[in-house]
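Shown next, in structure tokens, is the structure this report addresses.
Atoms within a ligand are numbered from 1 in the order they appear, just like the ligands themselves. What you see is a predicted model; the values in this text were computed from it and never measured.
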Amino acid sequence: MPDKIKHLPQELINQIAAGEIVERPASVIKELIENSIDAASTHIVIKMEKGGTKLISVSDNGIGMSSRDAMFAFDRHATSKISSKDDLFNIHTLGFRGEALASIAAVARVRLKTRERDSDTGTYIEIEGGKLINNLKIGCPAGTEIDVKDLFFNIPVRKGFLKSPTTELGHIISIVTHIAVPYNEVHLTLINAERGNRVLLDFPPVKGIEERVFQIHGGDVLEKLVNISGSTDGCSIHGLVSKPFLTFNSKESQMLFVNNRSIRNPALSHAIQAAYLDLIPRDRHPLVFLFIDIDPGSIDVNVHPTKREVKFRESKYIHNMVIDTIRSGLKAKPITEVCVYTGEFGSKKYEVHEGAGEILNKEIEFHVQEISEGPYIRILGQIGALFIVAEIDGDLNIIDQHAAHERILYDRLKKGHIYGRVDSQGLLIPETVEMTLDKAQILLQYIAPLNRLGFDIEEMGDKSFMIRAIPVTFAGEDSGTLLTDMTEEIMEWGLSPGKNMELITTENIIKALLSKKACHSAVRAKGLLSNGEMSSLLASLLKTDMPYTCPHGRPVIKRFSSEELARMFDRK
Ligand SMILES: Nc1ncnc2c1ncn2[C@@H]1O[C@H](COP(=O)(O)OP(=O)(O)OP(=O)(O)O)[C@@H](O)[C@H]1O
Ligand SMILES: [Mg+2]
């Protein structure tokens, strides 16, 4: 038998490698902008035609290249950014593999013009399908311009996979926006060269993420975001996340950055979802700009050709840190409580800065009381024995009283659990519940956490349980029904022994207890209420961590500011 294995020609090797990096026009743009940023540019202009399939041109005012470097730039594994194995785990630049330009040049017609600032002459290089066509000295502005024409001209199959120019443009806009957020001090301009050079995106330099988010989404969105931050040794997390009433039906709008590199990471996405677990409906997603700054030695960015994936050495730790950071940003700690209330419920602005000391804290308590009990709440009435209409701090508010009550009970149970102050009520006569075998198996998993919430449940035999006490919040409920209904609710989530065990969280147990079926206490709020009852319900609601949504994610309050009301009636 003749030998079968042959070495592939270099040209084919390059095309195969290019295939991994250059998937579509947006990937070319990503690589070129990243190079411009690594070259310390302050203004980057991106032009494109036909969604980038015909032309992509990226020019910058960065450090430029010498004529020798310009030649080497197109060699595979030629880079100015790392030089040893140690450097690979200490990466401070966006590029490091020396592969992008070689890959792009292997599958398109590329022209490069570049000049270093202190050099009189610049360099012009033309490469098509990996073959050098021209290399000249020219006069050109300082910085670098790279034109990429006819992407995949030499790989028709690949070209066939490209989507319509509009779809490709969508990807381009997404890539440019993802780079614009962390590099907000850089001016980025995206131009459609077809239609008289129409400017599609223009992000002049700003100071910080918030201003960039304002440029992208506008003020209406920005005011619905809260700052988050947290840090430990070697890792800090910061960013902006949406308050629970601003959600989207996909995760597309979430941006994750590790050391300013835009990445995708299922564990981080899961952490975000977990942080919002009891705040928004399961099928909705918050808007998130999450930045993780971490010692480059604790991550590996060399796991995927597009460098959009990152491996964390301590992934579980980071996962939990993300949850904690988002939760504490969203949670109304005394200090943020005031801001949240005034931001959402009123026109009064209290300037409160974190760490401003005890005097301020006293003032805060005072304000909170003033807001929750004082003249800021005025009950206007009730609609259909279901909704409370109230003026809160000058704004019109409609409150779903059942959802409000659910939120209050949830908060009480959870706070009691966290601070170890669970008030439980002993039953005069302990109750015994019999369950079917499958339900009993589920309940067995939950006994310990339920007991921490104020129950006193003991397993009596294979299918029966003795209930001696229940949390005061559920006083008057039929304890057997409460447990059976709760177990059924949990079964509906698809939990069975050994499966989906991560669902056994305090939040989820409380949610199951408060599910419509199980909890009559919450439903009891349905009905006619006196003004006094409504006031105290609202006061308690405003004291909860998260008054806007119920634990199942439904809205609790709809607010109409006086400005909005004026707009509705054409008064500006
Ligand atoms: N816009 C630019 N300005 C100045 N130098 C550049 C520019 N673009 C590329 N270079 C130089 O060309 C080299 C090769 O670029 P290329 O993108 O191929 O690799 P890289 O950025 O080093 O690594 P990676 O493949 O991970 O992107 C870079 O290391 C840099 O020295
Ligand atoms: Mg690069």
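At the top of the distance list for atom 4 (C) of ligand 1, counting protein heavy atoms only, stands A39 CB, 3.5 Å. Nearest non-hydrogen protein atom to atom 7 (C) of ligand 1 is M65 CE, 3.7 Å.
Residue-to-ligand polar distances keep I63 apart from ligand 1: every N/O pair is separated by 3.5 Å or more. Looking at L94 next to ligand 1, no N or O pair under 3.5 Å apart turns up. Between G64 and ligand 1, no N or O atom pair is found at a separation short of 3.5 Å. Some N or O of R97 is nearer than 3.5 Å to an N or O of ligand 1, by distance alone.
Judged purely by distance below 3.5 Å, without hydrogens or angles, the side chains of R554 and T549 never pair a donor atom with an acceptor atom. Side chains of T232 and Y317: a donor-acceptor N/O pair is present below 3.5 angstrom, by distance only.
Around the Mg ion (ligand 2), the protein N, O or S atoms found under 2.8 Å comprise N35 OD1.
When atom types are taken as modelled, the side chain of D300 and the backbone of K311 share no donor-acceptor pair closer than 3.5 angstrom.
Take I13 and apply the side chain to side chain contact (heavy atoms under 4.5 Å, CB included) test, not counting sequence neighbours, and it matches L8, Q10.
In this structure, K307 counts as a contact residue of ligand 1, since one of its heavy atoms falls inside 4.0 Å of the ligand. Under a 4.0 Å heavy-atom criterion, D60 is in contact with ligand 1.
Side-chain contact check for R97 versus T79: every heavy-atom pair is 4.5 Å or farther apart. Using a 4.5 Å heavy-atom threshold, the side chains of V310 and F312 count as touching.
Atoms of ligand 1 found under 4.0 Å from any heavy atom of A78, numbered from 1 in the order shown, are 14 (C).
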Walk me through whether K163 and E168 qualify under salt bridge (Lys or Arg N to Asp or Glu O under 4.0 Å).
CA-CA 6 Å; K163 300 277 186 291; E168 296 303 336; over 6 Å; no
